[in-house]
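Starting from 1, each residue takes its place in the sequence as its number.
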Amino acid sequence: MVKIIMRSYVGRENVYDIGVERDHNFVAKNGLIAANCFNKSHSTAYGYVTYQTAYLKANYPLEYMAALLTANSGDTDKVRKYLDNCVSMGIPIDPPDINRSGLDFTPAAGKIVFGFSAVRNVGQNAIACILEAREEKGEFKDLGDFCDRIDLRALNRRTVESLIHCGAFDRIQPNRNQLIHDLELVYDWAQSRAKDRASGQGNLFDLLGGFAATNSKKANNAFESAPKAPDVKDFPPQEKLRLEKELLGFYVSDHPLKSIQQSSSVLTPINLSQLGAQKNDTMLCAVVMLNNVKKVVTKKGDPMAILQIEDLTTQSEAVVFPKTYERISSLLEVDARLIIWGKVDRRDDQTQFIVEDAEQVETVKMVMVELNPQQASDDQENHRLRTILQEQSGDKEKAKIPVIGVVQAGEDRYLVRFGRQFWVQDSSTAAQALQNARFPAHVKRLIGG
């Protein structure tokens with residue numbers, strides 16, 4: 001490797017390796033000349049690889065994307081991007097599955113299944129043990145069958161819990177909380193059976209296996225004698241997804257914002273992936289998940305925060321300056337679903353979101369105003385409506401309730417977002433004032449409304 005100590009144009013020189021004649025030569029030590037060129041054979045190789053990968057993606061998209069995810073499994077940002085690509089290509093992504101997953105991302109029945117290696121707390125020995133047991137005697141029937149056939153010296157209780165929480169048993173038993181309760185009993189039961197087998201004692205089902213097989217096929221399945229815990233309700237959806245993300249690094253089976261995607265789009269027409277296309281200082285509203293909160297102290301000693309936020313499209317960074325932080329700090333908790341208001345800020349070719357206000361999505365209310373086409377197009381009616389809303393706004397900093405116009409034209413229904421200057425302070429009072437002015441209005445929650 002030649003170390004370049006200076007650059008100087010030395011006139012026209014012959015470059016025999018690729019034929020570039022100008023501005024590609026550098027003076028090295030002792031008057032030697034080094035050529036900085038991109039060789040033709042190298043270009044040809046890159047072109048050929050590009051053609052191959054394009055062909056594979058076009059003709060074998062499932063296998064190609066699975067290989068791409070596996071090759072980049074150590075880079076969370078790239079994996080997230082490729083998972084989003086899969087969704088846009090119509091390729092479903094499933095969480096790990098004890099009966100379908102391999103070591104890495106696996107194409108299976110038109111889907112891509114997360115590999116066991118993606119699950120935290122699941123080591124290489126445990127994975128090898130699972131795959132060997134599955135290969136030897138087929139699919140696992142339930143948790144008891146799994147624990148009975150697996151070498152529990154390779155899979156401790158924490159490993160099995162991780163597999164349950166990430167959804168690996170969902171196709172067998174979707175109630176993850178029930179499995180966690182069952183595991184307390186089943187794991188000890190399976191350990192006891194393993195000790196009996198190791199000592200050559202066996203148990204009643206083992207000793208009578210041949211007899212049971214001829215009289216009752218069901219009785220021959222020793223795992224059916226595994227103890228069960230009393231029935232319990234499953235974890236709340238938010239808790240299931242939180243644990244899933246903790247173990248996989250991503251929401252896979254669902255996303256906390258997906259259930260409110262349609263209703264939140266009324267308030268937030270722009271998603272985070274579109275921030276870069278917005279002009280500087282553009283005022284925006286977004287519904288996001290809060291992934292991380294980093295508290296920072298300014299030179300003056302005032303607290304502020306840098307947030308990692310995400311929506312259904314991408315992740316981004318948001319900044320909360322001291323004045324805003326003082327008002328909304330109690331809302332800034334990891335995994336909180338928030339609606340945030342703020343503006344776009346570009347610095348050093350990076351786009352970030354400057355938060356000016358926030359509210360939990362569970363508490364967001366909207367005032368819905370019913371308008372017929374004549375009212376919507378009549379200037380006098382519009383002025384009357386604006387006047388009422390401005391009266392209900394009062395202090396703009398306290399006016400956090402959006403107003404949505406609903407225009408019914410025949411069978412078509414159109415939603416109109418009123419600007420932030422027309423948002424109101426009290427939903428019930430505003431709705432009543434609108435009704436008194438012969439504008440049918442009602443209050444609706446963003447969630448469950």
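Put simply, the side chain of Arg337 never gets that close to the backbone of Val287: no donor and acceptor are under 3.5 Å apart. Remark: side-chain polar atoms of Glu244 are paired, donor with acceptor, to backbone N or O of Val252 under 3.5 angstrom. For Ser427 (side chain) and Gln425 (main-chain N/O), no donor-acceptor pair under 3.5 Å exists by modelled atom type. With hydrogens and angles disregarded, no donor-acceptor distance shorter than 3.5 Å links the side chain of Gln408 to the backbone of Arg413. Remark: the backbone N or O of Glu139 is paired with a side-chain donor or acceptor of Lys141 at under 3.5 angstrom. Side chain of Asp311 to backbone of Val288: no donor-acceptor contact under 3.5 angstrom is found. Side-chain atoms of Ser192 do not come within 3.5 Å of backbone N or O of Trp189 as any donor-acceptor pair. No donor-acceptor distance shorter than 3.5 angstrom exists from the side chain of Arg157 to the backbone of Tyr187, with no hydrogens or angles considered. A donor-acceptor distance shorter than 3.5 angstrom exists from the side chain of Asn99 to the backbone of Phe140, with no hydrogens or angles considered. Between the side chain of Gln278 and the backbone N or O of Leu275 there is no donor-acceptor pair closer than 3.5 Å.
Aromatic ring pairs are classed by plane angle as parallel below 30°, tilted from 30° to 60° and perpendicular above 60°; the pair Phe169 and Phe146 is perpendicular.
Around atom CD of Glu63, more than 12 heavy atoms belonging to other residues, nucleotides or ligands sit under 6.0 Å away. Within a 6.0 Å sphere centred on CD of Gln52, other residues, nucleotides and ligands contribute more than 12 heavy atoms. Heavy atoms of other residues, nucleotides or ligands lying less than 6.0 angstrom from NZ of Lys240 number more than 12. For NE2 of His255, the number of neighbouring non-hydrogen atoms (other residues, nucleotides, ligands) closer than 6.0 Å is greater than 12. Applying the 6.0 Å contact sphere to CD of Gln173 captures more than 12 heavy atoms from other residues, nucleotides or ligands.
One finds the CE atom of Met65 at 10.5 Å from the OG1 atom of Thr70 (value rounded to the nearest 0.5 Å). Rounding to the nearest 0.5 Å gives a distance of 9.0 Å between CD1 of Ile354 and CD of Glu317. Within the model, atoms CG of Leu143 and CD1 of Ile172 stand 8.5 Å from one another, a figure rounded to the nearest 0.5 Å.
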Stepwise side-chain contact (heavy atoms from CB on, under 4.5 Å) check, Arg100 with Arg171: CA-CA 10 Å; Arg100 294 187 300 152; Arg171 289 167 67 90; 3.7 Å; yes
From CA spacing to verdict: salt bridge (Lys or Arg N to Asp or Glu O under 4.0 Å), Asp145, Lys137: CA-CA 11 Å; Asp145 184 35; Lys137 294 186 179 180; over 6 Å; no
Derivation of the side-chain contact (heavy atoms from CB on, under 4.5 Å) call for Cys147 and Leu183: CA-CA 9 Å; Cys147 291; Leu183 182 63; 4.2 Å; yes
Salt bridge (Lys or Arg N to Asp or Glu O under 4.0 Å) evaluation trace for Glu310 with Lys245: CA-CA 13 Å; Glu310 75 166 85; Lys245 185 179 181 183; 3.1 Å; yes
Working for side-chain contact (heavy atoms from CB on, under 4.5 Å), residues Val367 and Ile404: CA-CA 6 Å; Val367 174; Ile404 307 295; over 6 Å; no
Verdict with reasoning, Asp357 to Arg327, per salt bridge (Lys or Arg N to Asp or Glu O under 4.0 Å): CA-CA 8 Å; Asp357 207 348; Arg327 284 189 290 108; 3.5 Å; yes
Residue pair Val355, Ile328: steps toward the side-chain contact (heavy atoms from CB on, under 4.5 Å) verdict: CA-CA 10 Å; Val355 179; Ile328 69 170; 4.0 Å; yes
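Each of Thr314, Leu272, Asn291 was compared with Ile309 under the side chain to side chain contact (heavy atoms under 4.5 Å, CB included) criterion, and only Leu272 meets it.
Side chain to side chain, Asn156 and Thr159 meet the donor-acceptor criterion of an N or O pair below 3.5 Å. Between the side chains of Asn72 and Lys81, no donor N or O sits under 3.5 Å from an acceptor N or O. Asn121 and Arg158 form a side-chain donor-acceptor contact under 3.5 Å, judged by distance and modelled atom types alone.
With a 4.5 Å cut-off on side-chain heavy atoms, Leu389 and Gln421 do not count as touching.
Closest heavy-atom contact between Lys400 and Pro402: O-CD, 3.3 Å.
Contact check on Asp302 versus Lys300 returns no salt bridge, with no Lys/Arg side-chain nitrogen under 4.0 Å from an Asp/Glu carboxylate oxygen.
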